[in-house]
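Shown next, in structure tokens, is the structure this report addresses.
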2 protein chains.
Amino acid sequence: MKMTEAKDKFIQTWGSLGTLWGINKAMAQIHALLLISPEPLSMEDIMEELQISRGNTSMNLRQLIDWGIVFKASKAGERKEYFTSEKDINELARQIARERSRREIQPTLKVLKEVSNIEDDGSAETQEFIKQTKALYELADTADAILNRIANQESNWLTKTFIKLLK
Amino acid sequence: MKMTEAKDKFIQTWGSLGTLWGINKAMAQIHALLLISPEPLSMEDIMEELQISRGNTSMNLRQLIDWGIVFKASKAGERKEYFTSEKDINELARQIARERSRREIQPTLKVLKEVSNIEDDGSAETQEFIKQTKALYELADTADAILNRIANQESNWLTKTFIKLLK
DNA sequence: TCAAACTTTCAAAAATTATTGAAAGTTTAA
DNA sequence: TTAAACTTTCAATAATTTTTGAAAGTTTGA
């Protein structure tokens with residue numbers, strides 16, 4: 001396989017993976033492109049490479065910056081803004097873990113806690129509801145604790161953890 | 001909060017969470033409904049409770065069955081089919097881990113291995129590409145190993161693991 | 001075998017989500 | 001200041017995904 005072909009395939013794959021995870025294609029592709037670029041890229045570069053519009057590029061870059069995995073990088077003496085992504089894959093994983101906990105798990109925990117706290121009227125329906133939502137709360141809470149641990153430990157925690165688990 | 005209100009809120013929340021994860025709303029809601037129903041439900045029951053069409057219900061039930069988290073349950077002497085979900089939350093987590101590994105991580109690993117194996121022509125571009133795709137491969141591989149461990153161990157592995165990690 | 005009871009399929013319609021591109025906004029060098 | 005260089009916004013449009021509902025298919029009891 002040639003470099004150009006490999007690059008395209010990688011960007012395409014990352015794009016459709018993103019879709020599968022509720023991240024839009026352009027956002028995932030921009031991230032993929034920046035991840036493998038040795039140099040920061042300008043908006044023009046990105047538009048050209050991915051064949052997407054200026055508006056689309058601008059909006060998705062902003063979201064990636066919001067997620068904390070893409071940064072603005074000014075080049076000395078240049079007016080244009082350049083963009084670069086977090087290059088350390090472990091740091092990338094940590095940042096994603098951090099954001100997913102904050103954006104998804106925390107709000108879910110809140111709702112689960114709330115709904116599992118209804119008064120038990122003794123009916124089978126209510127009892128099952130309380131039992132299951134409490135169990136989900138436990139699961140989500142454990143998952144969150146693990147994510148936070150990933151987010152806060154040293155950067156190769158994930159690998160080390162796995163080694164530890166094998167013992 | 002009243003039971004009806006709590007139930008609605010739970011089903012709604014599960015539905016939008018699903019959307020966030022690339023699972024469609026009806027599918028997530030059907031799952032939520034079955035999860036908290038003490039008795040198996042018929043297609044009519046589900047249609048009525050969630051106000052969705054027969055076709056929609058049928059297709060999404062099939063997908064849930066495909067995922068291995070919802071089962072057909074025949075009631076003695078009844079022609080109609082009933083449906084029930086995996087009630088053990090840990091088993092549910094294991095099944096989801098198993099399927100996500102199979103459906104998403106394995107294919108991604110395959111592509112990453114493939115593209116990171118291009119010939120190194122010495123250019124900065126190629127070197128960065130190889131370096132980053134290899135790093136992603138490592139990460140995905142570790143994540144997959146962890147998922148598989150979740151999928152194959154005893155049902156409260158997740159909790160035990162977390163306790164272990166705290167030590 | 002038939003026909004009632006039920007489920008699945010799938011083309012069309014609706015809903016949602018992503019993308020465009022041009023106008024408005026911002027920044028900076030002179 | 002001004003105006004060129006650049007970025008952001010957002011209404012309109014396009015693409016994608018979900019949902020519907022009726023027709024086709026299947027199963028089962030008599």
Side-chain angles (χ1 to χ4, degrees), chain A residues 11-34 40-67 70-85 103-104, chain B residues 11-34 40-67 70-85 103-104:
Chain A
I11 291 173
Q12 271 311 115
T13 304
W14 221 237
S16 33
L17 246 198
T19 303
L20 216 56
W21 283 74
I23 288 159
N24 88 43
K25 201 177 85 182
M27 183 170 158
Q29 289 187 339
I30 292 172
H31 177 247
L33 177 61
L34 291 175
L41 300 180
S42 70
M43 219 152 97
E44 299 284 344
D45 294 336
I46 296 169
M47 288 166 59
E48 161 117 357
E49 188 93 37
L50 303 178
Q51 292 291 312
I52 57 179
S53 72
R54 189 174 295 284
N56 200 359
T57 308
S58 171
M59 282 178 122
N60 284 298
L61 272 172
R62 191 145 62 82
Q63 280 209 76
L64 286 164
I65 291 171
D66 243 41
W67 267 80
V70 161
F71 315 106
K72 287 188 180 179
S74 310
K75 274 195 182 174
E78 287 231 37
R79 179 80 153 273
K80 213 181 287 183
E81 294 196 78
Y82 286 79
F83 301 90
T84 188
S85 88
R103 292 168 194 239
E104 294 162 32
Chain B
I11 290 174
Q12 272 310 116
T13 304
W14 221 236
S16 33
L17 246 198
T19 303
L20 216 55
W21 282 73
I23 288 158
N24 88 43
K25 202 176 87 183
M27 183 170 159
Q29 288 187 338
I30 292 171
H31 177 247
L33 177 62
L34 292 175
L41 300 180
S42 70
M43 216 151 98
E44 299 284 344
D45 295 336
I46 297 169
M47 286 166 60
E48 162 116 358
E49 186 93 37
L50 302 179
Q51 293 292 311
I52 57 179
S53 72
R54 189 174 294 285
N56 200 359
T57 308
S58 171
M59 284 179 119
N60 283 300
L61 273 172
R62 190 145 61 82
Q63 281 210 74
L64 286 164
I65 291 170
D66 243 42
W67 268 81
V70 162
F71 314 106
K72 287 187 180 179
S74 310
K75 274 195 183 175
E78 287 231 36
R79 179 81 153 271
K80 213 181 290 185
E81 293 197 77
Y82 286 79
F83 300 90
T84 188
S85 88
R103 292 167 195 240
E104 293 161 32

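Atoms considered below: every heavy atom in the structure, side chains included; atoms not considered: hydrogens, waters and symmetry mates. Each chain gets a letter, A, B and so on, in the order the sequences are listed, and its residues count up from 1.
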**Study point:** Check: B:Gln63 main-chain N/O paired with B:Asp66 side-chain donor or acceptor under 3.5 Å
**Key:**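 Not at all, since once roles are kept as given, no pair shorter than 3.5 Å links the two residues.
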Review point. Given the rule in the side chain to side chain contact (heavy atoms under 4.5 Å, CB included) test, do B:Glu104 and A:Trp21 qualify, once you have shown the distances and angles that lead to the verdict?
Key: CA-CA 10 Å; B:Glu104 293 161 32; A:Trp21 283 74; 3.1 Å; yes
**Study point:** Earlier contact from the 5' end, DNA chain D, for B:Asn60 and A:Leu61
**Key:**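 The 5'-side residue here is A:Leu61.
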Check your understanding: Tell me the salt bridge (charged side-chain N to carboxylate O under 4.0 Å, His left out) pairs involving residues 16-34 of chain A, sequence neighbours left out?
Key ->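 As it turns out, there is no salt bridge (charged side-chain N to carboxylate O under 4.0 Å, His left out) pair with a partner in residues 16-34 of chain A once direct neighbours are skipped.
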Euclidean distance, atom [atom1] of residue [X] to atom [atom2] of [N] [Å, nearest integer]:
X	N	atom1	atom2	answer
A:Arg79	D:dA4	CZ	C1'	7 Å
B:Glu81	D:dT28	CD	C1'	12 Å
B:Gln63	D:dT17	CD	C1'	12 Å
B:Lys72	D:dT27	NZ	C1'	11 Å

Exercise for review: Would you mind reporting whether A:Trp67 and A:Met27 have side-chain heavy atoms less than 4.5 Å apart?
Suggested key: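 SC-SC contact between A:Met27 and A:Trp67 confirmed.
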Check your understanding: Would you say the side chain of A:Ile52 lies within less than 4.5 Å of the side chain of A:Asn60, judging by non-hydrogen atoms?
Key ->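 Result no, sub-4.5 Å side-chain heavy-atom pair not found.
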**Study point:** Nearest non-hydrogen partners of A:Ser58 and A:Met43, listed with the distance
**Key:**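 Shortest heavy-atom separation between A:Ser58 and A:Met43 comes out as CB-CE, 4.1 Å.
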Review point. What heavy-atom pair brings A:Leu34 and A:Phe83 nearest, and what distance separates the two atoms?
Key: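 Smallest heavy-atom distance, with atoms named: CD2-O, 3.4 Å.
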Exercise for review: Tell me, please, the opening and closing nucleotides of DNA chain C, 5' to 3', among those with an atom under 4.0 angstrom from a non-hydrogen atom of chain A.
Suggested key: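 Contacts span C:dA18 to C:dT28, reading 5' to 3'.
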Check your understanding: Could you go step by step and tell me if B:Ile46 and B:Leu61 meet the side chain to side chain contact (heavy atoms under 4.5 Å, CB included) rule?
Key -> CA-CA 10 Å; B:Ile46 297 169; B:Leu61 273 172; 4.1 Å; yes
Point to revise | Contacts of A:Glu48 that satisfy side chain to side chain contact (heavy atoms under 4.5 Å, CB included) - sequence neighbours left out | key: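 Applying side chain to side chain contact (heavy atoms under 4.5 Å, CB included) to A:Glu48 gives none.
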**Study point:** Those residues of residues 20-31 of chain A lying under 4.0 Å from DNA chain D by at least one heavy atom
**Key:**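 None - not one residue of the stretch has a heavy atom sitting under 4.0 Å from the strand.
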Review point. Which parts of residues 49-59 of chain A get close to DNA chain D, meaning a heavy atom less than 4.0 angstrom away?
Key: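 Here the set is A:Arg54, A:Gly55, A:Ser58, A:Met59.
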Practice item. Could you pull out all residues at least two apart from B:Lys75 that satisfy salt bridge (charged side-chain N to carboxylate O under 4.0 Å, His left out)? Key: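 Applying salt bridge (charged side-chain N to carboxylate O under 4.0 Å, His left out) to B:Lys75 gives none.
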**Study point:** Nearest-0.5 Å distance, OG of residue A:Ser85 to CG of residue A:Leu33
**Key:**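 One finds 9.5 Å between OG of A:Ser85 and CG of A:Leu33.
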